[in-house]
Amino acid sequence: MRSVLAIPAFRRLWMVCALCSIGDWLSLLALSALVTKMTDVYLVKSFALSAVVATQLLPAMLLGPLGGVLADRFDRRKVMVVGDLLRCALFLSIAFVGELWWLLIANFLIGVCALFWIPAKDSSIPNLLRRPDQVETANQLGLMMTYGISVITAAGLFSAISAVGPTLNLRSELGLAYIIVIVNGLLYLTSAVMVATRVKEISGRRGPRVAGHAPVGTPREGIEQPGLFAMLREGVRFIGTTPLIRGLLVGIAGAFAAGGAVIACAKLYAASLSGGDTAYGMLFFAVFLGLGLGMAAAPRLAQRLPHNRLFGIAIVLAALALVVVALAPHLWVALVAVALVGFCAGAAFLTGQTIIGSQVEDAVRGRTNAMVQLVMKIILFGATAVVPLLVGLVRPRTVTVFGEEMQIDGTRPVLLGAGVVAAVVGVVAYRQMDDRRSEPILSDLLHALRGGDDRRRSGGGLLIAVEGDTIADTATQAQRLAEWLRSGGRDVVLAGDPALDETRLRGVLDGASLSGARAHALVAAAVRADVVERRIRPALASGALVVMERFVDSPLAHLGAASGLGQTELEGLADWATGRLRPDVTVLLDRDPAGLREPERPAEDRPHASGLDSMEHHWRVQRILTEMAAADPDRYVVVDGDGPADEVARRVRDAVRPVLAERRVAVADGPSSLAPGVETR
């Protein structure tokens, strides 16, 4: 999370999302309270919350896909700014007009603005990150803000304003409600200003990623963009013809149908357990506790299974837990099962969001997000409307189970049926999204429970990368680190020979007469891919410690500084070449380029120097490497690379030792304090 929040553009957008989430929850409280104060009719008061929720959900069901089309067609930053300004104006108008009919109309229009704002925001997040594997953490932070911090903040703000009113002699409850509505409008105004002035990166678009899905509707130079309805048809066609997204929608439909059944049955189900309101509150707490834990655990689970299979498995497990809920004879059994349902649902929801952010092209991401939101709301609305009718068809009766009386009413068969349907849908989604259909779902499930990840299924290797500006520094320190690790009795492989790699790279470039920057980057990626497949992966599978000199970061930094290619493009290429293999720890030698006696430039960047002198090039490389470390602090240790080689080697050992201790890897000498110049991140 620290590495994602270290990205300035994402951090600012996250704060914008915090303001808007607080505004959304505060509007739910403020408008429902305002409805009850605008009328004396008891029946209208009883429907206050339902009216507010319904008028905000209605736009999504009527106009859902159009929000995604706007996010894919127009500048997303402008869409968000206009949406926030309109929401601010509508909230202020509620206070100035002061009529119930206008409150409901304005709330409907606020829902329309949110319908356009949300796909634009969700589609922009992956473009602000450095790597696709950060999408999951970014979604985790967003959900934590939306359904955790913002809820508490909005409730506290609502209570604080309500409590301050009498102190300020604001005796009119209606006037106090208007103040809350105005505060809510100002939150959206602040959001609009921040997006317009502080998150300009949202306007940028990202091209197709290496090994990604083929983009649909990508604007091309000299070709006129299709119209809104043509883009809508393209989006629907893309979703219908892409198994990954089709399976995702099928799984979401089944999961939310089951979720709607649980919501509609919750009150009566609690009564069937003879617990009343207390049991209802405990069940409510259990499901949201499980939801939060599931979202927190999803990234770790994703290390054991790919997202496309984890999604279907999570839905199947949630369905099986729902069957246990339907059959639970006691409250404590129901609480455990409901918490498990929430856990699996939370993991599935975060995984689905991650799939959209990391595996769907930017050109269709807005429409995909909008379609997912539409399916969620329609299914949830339909389930909550139909389920009470089904429950009412079953006459309650009392049965005896293990000597204990148990009430069977309409909630039990409905929940049982919802669990069975969700399990079937989960299997269908798994089969649609699975990229290894020959492997049974049960084996994947058992593997996830055992806790192995894809890389270490057949071994327990550890990959340590040594990165830095100059080949002389990294070669010396990688060799000394490998010798020190061998003295501890472990099998150590020193992978990679930059001099040999440069010779191979130069031979391919010269022999094929390749001189373009992109061709150069592709050949460099091919050399790295060969080293990974031929030496690193077999060594990791055998359980060896692998020390890799200049694994990915240093070549990326040199190519980025010299060729003018975007860092995101280069990182996508590196991920594809290495199969997204990441070092367990990266040692970055942080050296002052001014201290180099003879600045060296690797062969991999010489054809594309872009007019930079050697010293300026090295300053750029060092800055890029430092930014990489700042963006992923959990994986890096930064070591001062200035000074004698023996002193630097001691700093490297002290930096790596805590990581080895966590993995229970024996080393030659015992623990020691960190040497000066070692910074753990």
Side-chain angles (χ1 to χ4, degrees), residues 13 17 57-83 111-129 132 135 138-139 142 202-209 212-220 223-253 255-256 307-308 311 349 351-380 429 432-433:
L13 181 60
C17 294
L57 284 179
L58 191 58
M61 291 186 282
L62 296 177
L63 307 170
L66 290 181
V69 173
L70 291 180
D72 288 338
R73 176 68 183 270
F74 300 108
D75 187 323
R76 290 167 182 163
R77 182 167 65 99
K78 294 179 180 178
V79 171
M80 293 175 65
V81 170
V82 172
V112 173
C113 296
L115 177 69
F116 299 145
W117 192 92
I118 292 174
K121 181 264 296 182
D122 288 342
S123 304
S124 300
I125 289 176
N127 295 345
L128 304 181
L129 305 175
V135 172
N139 288 331
I202 294 176
S203 294
R205 295 296 179 109
R206 180 174 294 182
R209 290 187 298 272
H213 293 281
V216 177
T218 305
R220 297 178 183 175
I223 299 179
E224 185 179 354
Q225 291 191 51
L228 294 180
F229 289 102
M231 290 185 69
L232 179 59
R233 289 194 299 270
E234 281 186 343
V236 173
R237 189 185 309 117
F238 169 77
I239 293 170
T241 57
T242 306
L244 179 73
I245 307 304
R246 189 170 62 239
L248 180 66
L249 284 179
V250 169
I252 286 176
F256 274 83
H307 290 104
N308 54 344
F311 178 78
F349 185 71
T351 301
Q353 293 290 102
T354 302
I355 289 173
I356 294 174
S358 61
Q359 300 186 41
V360 175
E361 290 296 337
D362 184 65
V364 291
R365 193 181 300 137
R367 282 164 283 178
T368 305
N369 272 311
M371 189 62 70
V372 168
Q373 293 290 328
L374 176 64
V375 169
M376 286 167 47
K377 291 174 181 177
I378 289 179
I379 295 295
L380 191 60
Q432 286 284 318
M433 303 169 70

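Note: hydrogens, waters and symmetry copies are ignored here, and every other heavy atom, side chains too, is used.
Nearest heavy-atom pair across Phe116 and Val79 is O-CG1, 3.6 Å. Taking both residues in full, the closest heavy atoms of Val360 and Val364 are given as CG1-CG2, 3.7 Å, listed atom of the first, atom of the second, then distance. In plain terms, the two heavy atoms of Arg77 and Ile202 that are nearest each other are N-CG2, 3.6 Å. Minimum interatomic distance between Phe311 and Gly251 (heavy atoms only, all atoms of both residues): CE2-CA, 3.9 Å. Across all non-hydrogen atoms, the minimal contact from Ile379 to Ala253 is CG2-O, 3.4 Å. Listed here is the closest heavy atom pair of Pro119 and Ala114: CD-O, 4.3 Å.
For the atom pair SG of Cys113 and CD1 of Ile118, the computed distance is 11.0 Å after rounding to the nearest 0.5 Å. Atoms CG and CG, from Leu249 and Leu244 in turn, are 10.0 Å apart once rounded to the nearest 0.5 Å. The CD1 atom of Ile125 sits 6.0 Å away from the CG atom of Asn139 when rounded to the nearest 0.5 Å. Rounding to the nearest 0.5 angstrom, the gap separating the CD atom in Gln432 from the CG atom in Asn308 is 12.0 Å. In this structure, the separation between OG1 on Thr242 and CG on Leu248 is 11.0 Å, given to the nearest 0.5 Å. Here the CD-NE2 distance, from Gln353 to His307, works out to 12.0 Å after rounding to the nearest 0.5 Å.
Counting only heavy atoms from C-beta outward, the side chains of Asn127 and Arg76 approach each other to under 4.5 Å.
Applying the side-chain contact (heavy atoms from CB on, under 4.5 Å) test between Thr368 and each of Asp72, Ile355, Ile356 identifies Ile356 as the sole match.
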